[in-house]
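In what follows, a structure is listed as structure tokens, so that the remarks can point back to it.
The sequence lines fix the lettering, A, B, ..., with proteins before strands; numbering per chain opens at 1. None of the values given here were measured: they were computed from a predicted structure.
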Amino acid sequence: MSANLFALYRTRVVEALARIVPELPPEVAARVEVTPTRDPAHGDMATNAALLAAKPARRRPAELAAELAALLSGADGIESAVPAGPGFVNLTLSPATLRAVLPAVLAAGEAYGDSAVGAGIAVNVEYVSANPTGPMHVGHCRGAVVGDALANLLARAGYAVTKEYYVNDAGAQVAALAWVVYWRYLELLGTPMTEAEFETLVPGGALQYRGDYLLPIAGILHDAHGAGLADAERRPLPPAVWFERVRGLALDSLLGQIRDDLARLGVRHDVFTSESAILAAGAADAAIGRLDQAGLLYEGVLEPPKGKQATDWEARPQTLFRATAFGDDVDRPLRKADGSNTYFANDIGYHGDKIARGADVLIDVLGADHGGYVARMRAAVQAIAPAYAAAGTVAFEAVLCQIVHVIKDGAPMRMSKRAGTFVTLRDLLDEVGRDAVRFTMLTRKPDAQMEFDLDLAVAQTRDNPVFYVQYAHARCRSVLRAAAAMPELGDLSPAALAEAPLDALQADAELALVRRLGHWPRLLEGAAQAREPHRIAFHLNDLAGDFHMLWNRGRDDATLRFLQADAVSATRARLALVAATAMVIRSGLGVLGVTPVEEMR
RNA sequence: GCGCCCUUAGCUCAGUCGGAUAGAGCAACAGCCUUCUAAGCUGUGGGUCGGUGGUUCGAAUCCACCAGGGCGCGCCA
């Protein structure tokens, strides 16, 4: 039997519908849904089959629903099927069918609910990709958590997932970084030069990245080279002497910090791809060549941008990619005024590289400030896919993560990189811990702005979902530990509990929990297909709610308590329920990257 | 000016490729501690789903326009 009850009964419904309406078009059959009911009074599941079939069959929905219900009433495991509302058919499963969810969970363990919808599809999820010019802050953190959970989720749905980090180590920002670090180094040596004087040497004429976090790097530079990177008067040497060393050391150091931050956050990428390595391998030029061969490049002049001060605007011909042929608003430049590649050109090369490595689907998890970038990248991926992919097409998807506002003591914390008051990821982790950061970041759709309430994230109360879900798991484990100390209950291994008779599970609160466990496979698959890991977080919150409710019922009604020494069979049935609940919570927390704690003390 | 995202209860947010009476927590109000953990529980009240039209058997969901908030708009990454 399929572990996914909804998928199973969907096929039954479609078969039954095909007998009533043999000429049903396949595209209509494909839209048939069997969904959990919102109202328990409507049974366990409902289908819209009759509503969909009514039009092509030229029949009244209610009439079809009645026939469908009659046909399904005899079906295996269905206790009743009744037409309802405008043409739904509500299905109520037999208690035995419902309870059979428990042995299914116990047998599969944390793999319960895993799906094969993604089988044979390689997905590359690129996330974080913070520039190695400073420490990670909360803005990066959301993308890190969302990308990581999304990648985990897709893996559970059968996709072959690569978690990737793109290291932007080739651009002007990294050059600027090297100049600042070098200046800090000179300062450390006690250079007689003034900062203003030094800045006249800097390309662009000004130092960037003034944060204190660069001071230790200057220190490392000093440890490694002593005064050897300056002249005898502690004044700068030509860049040819020091630039590559300083740049390399700064990059290593900052990337090391980022990796360390990510490790603390529990994020681990499979692949770190270096932009400079990609460029050195000629990926960008190769991609540009492919676009040229395909006739998608031309020399042209763009309109000046609207709504922005166009004071320094100068119309000039440049190499443009015909992005408008693939749905973008304007064609996009690939070369700067000095003839070097734009970032976009390099990024096309990088995406080509990901495709060449075998990805069928590219997912970029980006900050909201990259929203304007999506259309052109999608256009570029479509344009180069025929040259890079065996199948000739590659899907490009972007998940945009909106701004996170950190709230403390009820007031938003101002964040400014320039003023050095932004909240670093490390500060956030120190303040609230990994689990709270990860779970909280996933309790909101990524494409909506979110407020991160520091006080709530650490609160040990009902309204903190992290706590609430972890507490439910801890309670389950606590019950199982207590049961293990009762020898009269016999073998309590999952395999043994999977064989336990379950007839004793009769109470509404018990069956509600069983139902919720039965929803898990459908939810996991749907969340993966929609690329929405936050659904997992909400489902776990609901599941925890069902469990806590049952637990609390035991307070008023002693017959509902899990452990009863004088009712061994009923206790074993309830332990099957508790063990299955713990497994699903653990499984879901695994997707989110949150620890399933054993106890809350 | 143009493009993308968002707008659901006093607050923070869900809402399943359109489905039945739009849900949860907090806050408010009324109760509940000798308990397998009160770090909690039970119940009550609370909605013009930003607005106006449209498509549909059916719209919070799709489309158009409008309002408000966010992000972006060649030679940054």
Between B/C6, B/C76, B/U42, which nucleotide has the shortest distance from any of its atoms to the side chain of A/A448? B/C6

With the side chain defined as heavy atoms from C-beta on, A/L52 is closest, among B/G74, B/G19, B/U12, to B/G19

A/R60 side-chain N/O to B/C57 phosphate OP1/OP2 under 4.0 Å: no

Are A/H519 and A/F6, when compared by the centres of their aromatic rings, separated by less than 6.0 Å? yes

Rounding to the closest angstrom, what is the interatomic distance between B/A39 and B/C26 at atom P? 15 Å

Touch class at under 4.0 angstrom, heavy-atom based, for A/A84 against every strand present: base

Shortest side-chain distance from A/L51, nucleotide among B/G19, B/A77, B/U7: B/G19

Please tell me if A/H370 has a side-chain N or O lying less than 4.0 Å from either OP1 or OP2 of B/G3. no

Hey, is the side chain of A/R475 pairing donor to acceptor with the base of B/U37 inside 3.5 Å? no

With the side chain of A/F467 defined as its heavy atoms from C-beta on, choose the nearest nucleotide among B/A39, B/A77, B/C13. B/A39

So A/S276 and A/R247, do their side chains get closer than 4.5 Å, heavy atoms only? yes

Answer yes when A/D331 and A/R376 have at least one side-chain N-carboxylate O distance shorter than 4.0 Å, and no when they do not. no

Just checking A/A175: base, sugar-phosphate only, or nothing, at a heavy-atom cut-off of under 4.0 Å? nothing

At under 4.0 Å between heavy atoms, what does A/P61 touch on the DNA or RNA strands: base, sugar-phosphate, or nothing? nothing

Which dot-bracket string fits RNA chain B when only Watson-Crick or G-U wobble pairs with both atom distances under 3.5 Å count, crossing pairs get [ ], and | stands for a partner on a different strand? (((((((..((((.....[...)))).(((((.......))))).....(((((..]....))))))))))))....

Counting side-chain heavy atoms from CB outward, which of B/G70, B/A77, B/G74 is closest to A/Q318? B/G74

Determine, step by step, whether A/R481 and A/E598 satisfy the salt bridge (Lys or Arg N to Asp or Glu O under 4.0 Å) criterion, reporting the C-alpha distance in whole Å, the side-chain angles of both residues, the deciding distance to 0.1 Å, and the verdict. CA-CA 10 Å; A/R481 280 195 300 273; A/E598 293 292 316; 3.7 Å; yes

Describe the nucleic acid contact of A/N90 in one word from base, sugar-phosphate, nothing, applying a heavy-atom distance below 4.0 Å. base

Between A/R553 and A/E510, does any side-chain N to carboxylate O distance fall below 4.0 Å? no

What closest approach, in Å, do A/R60 and A/A54 show between heavy atoms, and which atom pair accounts for it? C-CB, 4.5 Å

Using a strict 4.0 Å threshold on nitrogen-to-oxygen distance, state whether A/E397 and A/R531 make a salt bridge. yes

Need one value for A/Q529: base, sugar-phosphate or nothing, where a base atom within 4.0 Å counts as base even if backbone is also close, heavy atoms only. nothing

When you check the phosphate oxygens OP1 and OP2 of B/G74, does a side-chain N or O of A/K336 lie under 4.0 Å from one of them? no

Students often get this wrong, so: under 4.0 angstrom with heavy atoms, is A/A482 touching a base, only sugar-phosphate, or nothing? nothing

